[in-house]
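To start, the structure under review is shown below, and the notes come after it.
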Amino acid sequence: SQQGEEDPQALSIQEGENATMNCSYKTSINNLQWYRQNSGRGLVHLILIRSNEREKHSGRLRVTLDTSKKSSSLLITASRAADTASYFCATDASTSGTYKYIFGTGTRLKVLA
Amino acid sequence: NAGVTQTPKFRVLKTGQSMTLLCAQDMNHEYMYWYRQDPGMGLRLIHYSVGEGTTAKGEVPDGYNVSRLKKQNFLLGLESAAPSQTSVYFCASRMEGNTYNEQFFGPGTRLTVL
């Protein structure tokens with residue numbers, strides 16, 4: 001399987017704390033994206049980081065990318081109960097404009113009020 | 001805009017039955033994808049399409065067929081359903097162009113094969 005790995009598989013924190021989840025992948029990539037999935041729903045795009053970028057911010061989200069280690073991390077600061085969801089990384093390693101994505105196995109985040 | 005819609009939302013099949021899942025998008029996207037999601041496995045790509053009239057195999061295509069006769073629709077067919085195809089199926093679409101465009105996902109179809 002070409003799937004990426006995410007860790008931890010599950011994470012439970014108190015509201016207001018920071019949540020960090022990690023993604024590792026296997027091949028060279030064009031970009032890496034993070035998605036959120038609320039229970040029983042489809043995935044929603046959060047943030048994209050290009051292969052030549054090392055860090056990116058969007059609101060309370062901070063993403064880092066280390067291409068030498070083939071890994072990325074997603075930090076959610078000052079977490080809220082509404083952040084409870086599963087988070088997936090997806091890598092685009094495709095060539096010739098096929099834009100196929102490899103998804104990680106996901107991290108289930110639970111934020112306790 | 002409705003975005004990406006999927007029909008039906010739930011379905012129960014008996015082994016050997018056939019069915020078609022419909023995905024529709026109203027964003028004029030060129031690319032469309034079918035994924036399946038199983039517990040602990042993340043999303044795995046079944047088939048995808050880079051434009052009307054074209055389809056290609058993804059990571060787990062066996063047991064499925066697809067068609068993209070109209071740009072806005074992407075159909076996923078199961079000719080003879082098996083219990084191993086019990087899963088949640090997601091459709092997604094994205095714009096053509098560069099690699100930095102995001103995918104938009106439908107709400108999913110929960111399929112159980114008995």
Side-chain angles (χ1 to χ4, degrees), chain A residues 1-10 21 23-53 56 58 63 65 85-108, chain B residues 2-7 9-10 21 23-25 27 29-51 54-61 66 87-111:
Chain A
S1 171
Q2 299 180 44
Q3 277 198 316
E5 296 285 332
E6 293 184 59
D7 79 273
Q9 289 187 333
M21 50 206 86
C23 167
S24 60
Y25 54 92
K26 298 180 181 179
T27 64
S28 297
I29 61 172
N30 300 314
N31 66 75
L32 185 144
Q33 304 180 27
W34 284 91
Y35 287 81
R36 183 186 73 231
Q37 183 181 34
N38 290 91
S39 181
R41 301 287 188 91
L43 280 71
V44 175
H45 181 262
L46 293 176
I47 192 168
L48 177 151
I49 187 164
R50 303 183 181 201
S51 59
N52 61 355
E53 296 176 318
K56 198 159 183 182
S58 176
V63 171
L65 179 65
S86 292
Y87 292 82
F88 294 89
C89 65
T91 54
D92 174 13
S94 55
T95 57
S96 305
T98 54
Y99 307 133
K100 292 191 294 182
Y101 301 87
I102 304 296
F103 280 82
T105 50
T107 293
R108 294 190 310 279
Chain B
V4 180
T5 58
Q6 292 183 231
T7 309
K9 289 185 170 52
F10 303 94
L21 282 67
C23 175
Q25 52 93 5
M27 297 174 282
H29 286 171
E30 287 292 333
Y31 294 78
M32 296 187 75
Y33 307 81
W34 275 109
Y35 296 91
R36 60 177 290 172
Q37 184 177 35
D38 302 295
M41 295 291 290
L43 275 74
R44 291 182 292 169
L45 182 65
I46 305 171
H47 286 279
Y48 65 101
S49 169
V50 301
T54 72
T55 63
K57 294 180 180 179
E59 185 184 357
V60 289
V66 287
S87 187
V88 182
Y89 292 85
F90 288 98
C91 176
S93 70
R94 57 159 280 162
M95 291 170 54
E96 68 175 324
N98 62 48
T99 182
Y100 306 119
N101 293 326
E102 66 184 271
Q103 291 183 89
F104 292 83
F105 281 83
T109 295
R110 187 173 296 274
L111 175 67

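Quick caveat, the model's predicted, so the values are computed rather than measured.
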Query - Gap between atom CD of B:E59 and atom NE2 of B:H47 - 0.5 Å precision - result: 12.5 Å
Query raised in the report: How many angstroms lie between atom CZ of B:R36 and atom CD1 of B:I46, to the nearest 0.5 angstrom?
Result: 6.5 Å
Query raised in the report: When the ring planes of B:F105 and A:F103 are compared, do they come out parallel, tilted or perpendicular, using 30° and 60° as the limits?
Result: perpendicular
Requested in this report: Verify side-chain contact (heavy atoms from CB on, under 4.5 Å) between B:L43 and A:L43, making sure each step is shown before the conclusion.
Outcome: CA-CA 10 Å; B:L43 275 74; A:L43 280 71; 4.0 Å; yes
Query - Toward chain A, the part of B:Q103 with a non-hydrogen atom under 4.5 Å - result: both
Query raised in the report: With a 4.5 angstrom heavy-atom cut-off, which part of B:Y35 approaches chain A: side chain, backbone, both or neither?
Result: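 Just the side chain, heavy atoms under 4.5 Å.
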Report task. Using non-hydrogen atoms and a 4.5 Å limit, figure out which bit of A:L48 sits close to chain B: side chain, backbone, both or neither. Result -> side chain
Report summary line: Cut-off 4.5 Å, heavy atoms of chain B, and the answer for A:Q37 is side chain
